[in-house]
Number of protein chains: 2
Amino acid sequence: MNTQANTAQQIIEIALGLMIERGYNAFSYADISERMEIRKASIHYHFPNKSDLGRSVVAHYRTMAQQGLNQIDQITSDPREKFTLYIEQFYRQMREAKFFCLCTLLAAELPTLPECVRDEIQGYFREHTAWFATLLASGQAQGVFTFGGDPTIKAQSVLAAIQGAMIAARAYQDPEHFRTIALQVCSDVQT
Amino acid sequence: MNTQANTAQQIIEIALGLMIERGYNAFSYADISERMEIRKASIHYHFPNKSDLGRSVVAHYRTMAQQGLNQIDQITSDPREKFTLYIEQFYRQMREAKFFCLCTLLAAELPTLPECVRDEIQGYFREHTAWFATLLASGQAQGVFTFGGDPTIKAQSVLAAIQGAMIAARAYQDPEHFRTIALQVCSDVQT
DNA sequence: GTCTATAGCCCGATAGAC
DNA sequence: GTCTATCGGGCTATAGAC
């Protein structure tokens with residue numbers, strides 16, 4: 001009874017790796033087939049068409065990312081530490097597994113994506129903006145963060161800087177580039 | 001004698017629009033053929049293979065962007081105005097022509113790009129980082145910008161934030177989103 | 001320089017046996 | 001659930017006439 005669930009889950013995880021590396025348009029059912037013991041046609045049993053698979057992969061990624069945020073919230077209540085943990089979490093994954101934020105990468109090719117995939121990406125952006133807005137507001141209240149203007153707009157610019165740093169790290173093929181920029185952004189909001 | 005040059009140039013400009021919309025992997029010779037009066041095979045006369053075309057398009061974009069920077073440098077010497085002009089230039093193009101920074105978008109799919117295209121993209125990142133570093137250092141010297149740390153690192157984080165804002169605007173399909181975030185970044189460095 | 005025609009490949013997706 | 005076989009179509013690229 002869990003055979004199907006495990007296979008579907010394994011397909012999603014392989015596809016996630018491929019999408020992070022190549023984006024949505026440049027990975028194929030054949031690529032998945034090569035990386036696990038399954039034929040192309042069998043993948044269609046679990047995900048009838050590519051947009052189903054794409055949506056499932058992004059939804060899975062969103063859930064994982066949400067768990068990452070929850071984990072940070074449980075580890076510490078210090079806004080500065082939370083900010084640093086967010087950065088270090090990405091940095092570690094980039095070094096260890098050439099991991100990048102899937103939704104940042106997919107947003108770049110958004111006009112070519114099926115609508116159901118686009119919706120998942122927008123959801124990710126909203127969730128992470130909201131998390132940073134809460135983080136920044138609480139840091140401001142505690143007096144450890146200083147910044148002008150609305151915390152929500154500031155949250156958008158912080159998220160943008162982090163995601164832009166990830167793009168730059170990909171351009172230079174150097175995770176250190178991400179870490180340097182992101183930590184600069186983190187120190188910029190501190191008193 | 002200028003027939004070939006004009007055709008090649010026209011192909012580059014059509015391809016630029018397509019690459020901004022869809023990225024490198026999701027546009028084709030057939031797409032170009034549909035948008036101008038030329039057959040697929042004839043495009044190969046001007047650009048023997050797709051990586052030649054891709055490299056030429058990004059090189060053309062780099063030149064255009066460099067001219068944009070020169071133009072800003074001629075209009076004003078006030079660092080704050082320069083920063084604002086940089087943002088407004090992108091914003092206007094995004095509104096009028098659904099324009100995005102080609103190199104930001106292509107950096108996201110970098111691992112799938114031919115090496116000659118990658119090199120052009122890295123060149124763009126270096127040029128714009130250098131321009132911002134000069135801008136920030138001069139603003140700091142004039143006392144109109146305040147920020148901690150090295151101007152080059154700060155330049156990287158500013159560029160990252162602007163590029164990240166562009167990605168977010170694409171995710172939300174809303175140019176205003178870009179403008180709001182980018183102007184926040186601009187005001188953050190001011191005294 | 002541009003064309004028609006086509007080679008050769010990969011893609012997503014389906015049919016039907018097991 | 002997984003397989004083999006295959007369809008129909010899009011892709012980059014080439015050959016060769018004009």
Side-chain angles (χ1 to χ4, degrees), chain A residues 1-58 106 109-118 120, chain B residues 1-58 106 109-118 120:
Chain A
M1 80 178 239
N2 62 0
T3 310
Q4 175 183 346
N6 283 345
T7 304
Q9 194 57 32
Q10 198 184 343
I11 291 167
I12 284 176
E13 272 153 28
I14 300 282
L16 173 61
L18 286 163
M19 284 174 69
I20 286 174
E21 187 194 338
R22 312 183 193 176
Y24 180 79
N25 293 295
F27 93 95
S28 71
Y29 280 56
D31 294 328
I32 298 170
S33 178
E34 275 171 22
R35 296 197 181 189
M36 60 182 279
E37 302 236 317
I38 199 169
R39 301 293 101 202
K40 280 197 304 169
S42 310
I43 302 171
H44 284 280
Y45 170 81
H46 299 279
F47 303 97
N49 53 54
K50 199 182 175 182
S51 48
D52 292 325
L53 176 55
R55 186 185 42 73
S56 299
V57 170
V58 181
L106 291 188
E109 49 179 335
L110 196 99
T112 69
L113 300 181
E115 204 176 323
C116 61
V117 180
R118 279 189 229 175
E120 291 289 341
Chain B
M1 81 180 240
N2 61 0
T3 311
Q4 176 182 346
N6 284 344
T7 304
Q9 195 57 31
Q10 198 183 344
I11 291 167
I12 285 177
E13 271 153 29
I14 299 283
L16 173 61
L18 286 163
M19 283 173 70
I20 287 175
E21 187 193 338
R22 312 183 192 175
Y24 179 80
N25 293 296
F27 93 95
S28 71
Y29 280 55
D31 295 326
I32 298 170
S33 178
E34 276 172 22
R35 296 197 181 190
M36 60 181 280
E37 301 235 319
I38 200 169
R39 302 292 100 203
K40 283 193 298 170
S42 310
I43 303 171
H44 284 281
Y45 171 80
H46 299 279
F47 304 96
N49 53 55
K50 199 182 175 182
S51 48
D52 293 325
L53 176 54
R55 187 185 41 72
S56 299
V57 169
V58 181
L106 291 188
E109 49 179 334
L110 196 100
T112 69
L113 300 181
E115 203 177 323
C116 61
V117 180
R118 279 189 229 175
E120 292 288 340

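Quick note on labels: first sequence line is chain A, next is B, and so on, each numbered from 1.
Atom pair A/H46:NE2 and D/dC3:C1' shows a separation of 12 Å (rounding to whole Å applied). Between the CZ atom of B/F27 and the P atom of D/dC11 there is a distance of 11 Å, rounded to whole Å. For A/N6 and D/dG1, the CG to P distance is 11 Å, given to the nearest whole Å. Atom P of nucleotide D/dG1 and atom CE of A/M36 are separated by 13 Å, given to the nearest angstrom. Rounding to whole angstrom units, CD1 of residue B/I11 and P of C/dG1 are separated by 11 Å. The separation between A/E37 atom CD and D/dG1 atom P is 18 Å, rounded to whole Å. Between A/D52 atom CG and C/dG12 atom C1' the separation is 12 Å, expressed in whole Å. Taking atom CD1 of residue A/I43 and atom P of nucleotide D/dT4, one finds them 13 Å apart after rounding to whole Å.
At distances below 3.5 Å, not a single donor-acceptor pair connects side-chain atoms of B/E109 with backbone N or O atoms of A/G23.
The phosphate of D/dG1 has OP1 or OP2 within less than 4.0 Å of a side-chain N or O from A/Y45. Note on B/S28: every side-chain N or O is 4.0 Å or more away from OP1 and OP2 of D/dG10. In this model, the phosphate group of D/dT2 is approached by a side-chain N or O of A/T7 to a distance below 4.0 Å at OP1 or OP2.
Looking only at side-chain heavy atoms (C-beta outward), B/F47 and B/R55 stay at 4.5 Å or farther from each other. You'll find the side chain of B/R22 reaches within 4.5 Å of the side chain of B/D31, heavy atoms only.
A side chain to side chain contact (heavy atoms under 4.5 Å, CB included) with B/I32 is found for exactly one of B/M36, B/R35, B/E34, namely B/M36.
Here the straight-line distance linking atom OH of A/Y29 with atom CD1 of A/I38 works out to 11.0 Å at 0.5 Å rounding.
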Scan nucleotides 13-18 of chain C nucleotide by nucleotide, 5' to 3', and note B when protein non-hydrogen atoms come under 4.0 Å of the base, S if they reach only the sugar-phosphate, - if neither.
BBB---

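Between A/V117 and A/G54, the closest heavy-atom pair is CG2-C, 4.0 Å. The shortest non-hydrogen separation linking B/R39 to B/S33 is CA-OG, 3.8 Å.
If you check every strand for non-hydrogen atoms under 4.0 Å, A/S42 touches a base.
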